[in-house]
Amino acid sequence: MSDVDFFEQVPSAARSGPVRTCSHSISPSNSMSEFNYDAFISYRRSDGIAVARWLRRTLVGFRLPAVLRGAYAKKLRVYLDTAYERGTSDFYQQSIKPALLSSRYLIVVATPDAMRRPGGAEDWIEREIRDFAAGPGAGNVIVARGAGDFDGPLPGGLKETFPNIEIVDLRGAGPLWFLSFSRVVRLSAEKLKIVAPLLNIPPEEMPRLRQEEEKRQQTQLGAVAGATLGTLVAVGGLSVLALINQYKAIRANDDSMFAASSMIGEAANLRADDADTLRTRRLIIGRGCDLLDKADQGTASDPPINGIVTCRLERGAHREALHEDKEARKEFGDAIERAALSHQGRARVDSALALLQAQQAYAEYLVRQKDMDGAGRVFADLLDDSRRLGKEHDGRAQFIRFEAEALGQTGDLHVAANRHQEAADSYDAGARRVEALARRSQVRWSYRGLSDRRMAGTPVPAGGSAICRAGPARSRGRAVQACGRCRLIR
């Protein structure tokens with residue numbers, strides 16, 4: 001019986017056995033001794049090399065189960081040009097073609113790029129199929145689908161020449177094929193369809209071959225699963241220890257940042273009435289800011305924003321004292337940016353208050369620099385943000401104070417520019433906010449020097465410590481008729 005008759009007797013429902021090849025000239029009795037190779041793999045390098053290498057490695061390393069090893073055992077010899085090629089003047093004629101004609105089977109890896117190349121360029125896959133068909137192996141052709149649609153076109157006109165040729169599905173084969181359990185099961189079953197004809201295993205032995213191969217796969221997967229589980233347990237233990245140590249390090253770093261921020265805040269509240277106190281204050285804040293900067297770089301936790309902003313503002317004031325305007329503006333701007341980002345990431349009250357503090361300090365700096373336009377813009381931002389953030393954080397008294405301060409200082413700017421009506425409106429709006437704050441906190445507010453300056457009509461420079469509305473005051477029936485910078489009387 002010829003090979004073609006032998007394979008054609010397998011019913012279509014049982015094609016999980018060996019593939020139906022196109023052999024018609026080689027018999028099982030003498031086929032293994034007349035060829036140097038059991039199979040020649042033809043493929044396109046651009047998209048088929050991974051499957052081709054996996055296939056050769058799998059076939060060469062395949063060992064039959066013990067129950068079949070006595071009758072069919074042999075080590076397969078598979079030619080793949082990347083494994084055997086040697087550079088010569090005519091590589092195909094002197095190396096590829098001799099190996100092709102001395103191979104029992106031709107395995108064509110079908111991929112999208114394996115179809116005929118456009119432009120009339122020489123196509124080695126078509127050439128290999130044509131030369132193999134003219135050689136002693138004749139129609140012993142196996143097709144392995146390596147990529148693309150399973151029913152896609154086949155190279156070299158194989159589908160037209162052999163319309164009933166069976167295709168082995170090797171899609172997904174490659175270096176990481178073992179990472180998917182379902183892929184391992186499918187490829188292990190598919191490879192047997194190629195192994196069987198190469199080893200001349202008859203169809204009646206295929207059930208036993210599949211059964212033994214499944215047992216082997218289960219054993220191997222069990223070993224892999226056991227090793228993986230052991231590795232995961234070991235790695236898990238190390239990970240827990242690492243997480244504990246990391247947590248301790250984070251806690252220590254967070255404690256350091258909190259302590260530094262607290263130290264900075266206490267020093268910033270010191271009244272610098274004399275040179276020694278001022279020197280001590282600067283020394284504590286400077287060292288605290290250095291500690292906070294180092295801690296901030298060593299953790300992914302958010303640093304205390306109050307300390308960060310205070311450090312930037314203090315450095316900005318120091319730059320101002322040195323008449324370094326560009327560097328001072330950078331420090332004030334960085335304080336505003338850090339506070340805004342902190343509140344954007346975590347909408348906390350301390351971040352919101354730090355943002356308003358930075359804006360007010362920057363606006364006052366611009367006033368001292370006689371940049372009234374810039375100061376007006378920053379005070380406008382302060383007014384808008386104090387109202388917006390006050391709504392977000394339940395209208396707390398601190399936000400009302402910043403709003404009133406922004407209105408009062410905006411009035412100062414109007415006074416300096418002789419815009420008395422705008423100044424009056426701004427002061428009145430500030431007065432209303434202070435009245436609301438007084439009602440909430442049940443404390444008494446006073447405007448030091450307000451009456452004397454209002455009655456005398458004395459112009460008050462912007463940024464002054466005692467503010468009043470220049471010109472006649474308009475009575476609105478309120479206890480406070482005009483608003484300037486307010487002071488809390490205990």
Side-chain angles (χ1 to χ4, degrees), residues 249-270 281-322 324-369 371 374-393 396 398-399 401-403 405-406 409:
I250 292 175
R251 283 294 304 272
N253 197 74
D254 289 346
D255 292 342
S256 298
M257 289 196 298
F258 178 78
S261 181
S262 299
M263 181 174 65
I264 294 168
E266 293 294 332
N269 291 328
L270 289 176
R281 178 182 182 277
R282 288 178 177 174
L283 178 62
I284 294 175
I285 291 178
R287 291 185 175 178
C289 290
D290 291 340
L291 291 174
L292 190 59
D293 288 341
K294 291 180 180 179
D296 185 17
Q297 296 174 359
T299 182
S301 302
D302 292 334
I305 192 60
N306 292 329
I308 293 293
V309 168
T310 300
C311 287
R312 300 301 188 273
L313 298 182
E314 289 290 330
R315 289 168 179 169
H318 179 66
R319 294 289 190 178
E320 179 186 4
L322 297 176
E324 297 175 349
D325 180 62
K326 182 178 179 181
E327 290 76 8
R329 289 174 181 263
K330 182 179 183 301
E331 294 291 347
F332 286 116
D334 188 45
I336 295 174
E337 182 180 0
R338 290 293 297 269
L341 289 175
S342 177
H343 189 266
Q344 182 180 359
R346 299 176 64 184
R348 295 174 51 172
V349 175
D350 58 343
S351 300
L353 294 175
L355 172 60
L356 301 181
Q357 177 191 0
Q359 288 176 326
Q360 180 174 334
Y362 186 35
E364 292 174 350
Y365 163 79
L366 294 175
V367 171
R368 293 191 295 271
Q369 298 299 313
D371 184 0
R377 289 190 294 270
V378 179
F379 277 130
D381 292 339
L382 174 61
L383 180 60
D384 292 340
D385 287 341
S386 61
R387 289 170 173 171
R388 175 179 59 85
L389 295 174
K391 293 179 180 179
E392 293 181 10
H393 297 284
R396 299 194 180 200
Q398 297 98 319
F399 298 100
R401 294 183 64 180
F402 276 110
E403 182 183 351
E405 185 69 20
Q409 299 234 31

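Remember, it's a predicted structure, so these values are computed and weren't measured experimentally. These numbers come from the heavy atoms of this one structure, side chains and all, not from hydrogens, waters or symmetry mates.
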Open item on the list: Going by ring-ring contact (aromatic ring centres under 6.0 Å, His included), name the residues that satisfy it together with H318, two or more places apart in sequence or in a different chain.
Closed with: none
- [ ] Could you label the plane-to-plane angle of the H343 and H393 rings as parallel, tilted or perpendicular, counting under 30° as parallel and over 60° as perpendicular?
- [x] perpendicular
- [ ] Give the intermediate values and the outcome of side chain to side chain contact (heavy atoms under 4.5 Å, CB included) for residues Q360 and E364.
- [x] CA-CA 6 Å; Q360 180 174 334; E364 292 174 350; 3.2 Å; yes
Task: Residues forming a side-chain hydrogen bond (donor to acceptor under 3.5 Å, both in side chains) with E337, sequence neighbours excluded - done: none
Task: Closest approach of A358 to I336 (non-hydrogen atoms, all atoms of both residues) - done: CB-CG1, 3.7 Å
Open item on the list: Ignoring hydrogens, what is the shortest heavy-atom contact between Q357 and L313? Give both atom names and the distance.
Closed with: NE2-CD1, 3.8 Å
Open item on the list: Within this structure, what is the CD1-OG distance for the pair I308 and S351, rounded to the nearest 0.5 Å?
Closed with: 11.0 Å
Task: Least distance between heavy atoms, L389 atom then L355 atom - done: CD1-CD2, 4.2 Å
Scan the side chains in residues 378-386 for donor-acceptor partners under 3.5 Å anywhere in the protein, sequence neighbours excluded, and list what turns up.
residue : atom : partner : partner atom : Å
D385    : OD1  : R388    : NH2          : 3.1
D385    : OD2  : Q359    : NE2          : 2.6
S386    : OG   : L382    : O            : 3.0
S386    : OG   : L383    : O            : 2.8

Open item on the list: Measuring from atom CZ of R401 to atom CD of E405, what distance do you get when rounded to the nearest 0.5 angstrom?
Closed with: 9.0 Å
Task: Atom pair CG/CD of L353 and Q398 - distance to nearest 0.5 Å - done: 5.5 Å
Task: Where A375 and L366 come nearest, the two heavy atoms and their spacing - done: N-CD1, 3.7 Å
TODO: Mind listing the closest non-hydrogen atom pair of A328 and Y365 along with its distance?
DONE: CB-OH, 3.7 Å
Task: I305 CD1 to L341 CG distance, which is reported to the nearest 0.5 Å - done: 8.5 Å
- [ ] Enter the distance from Y362:OH to R329:CZ here, rounded to the nearest 0.5 Å.
- [x] 4.5 Å
Open item on the list: How long is the straight-line distance from CD of E320 back to CD of Q369, given to the nearest 0.5 Å?
Closed with: 5.0 Å
Open item on the list: For R368, is the CZ atom crowded, meaning more than 12 foreign heavy atoms sit under 6.0 Å from it?
Closed with: yes
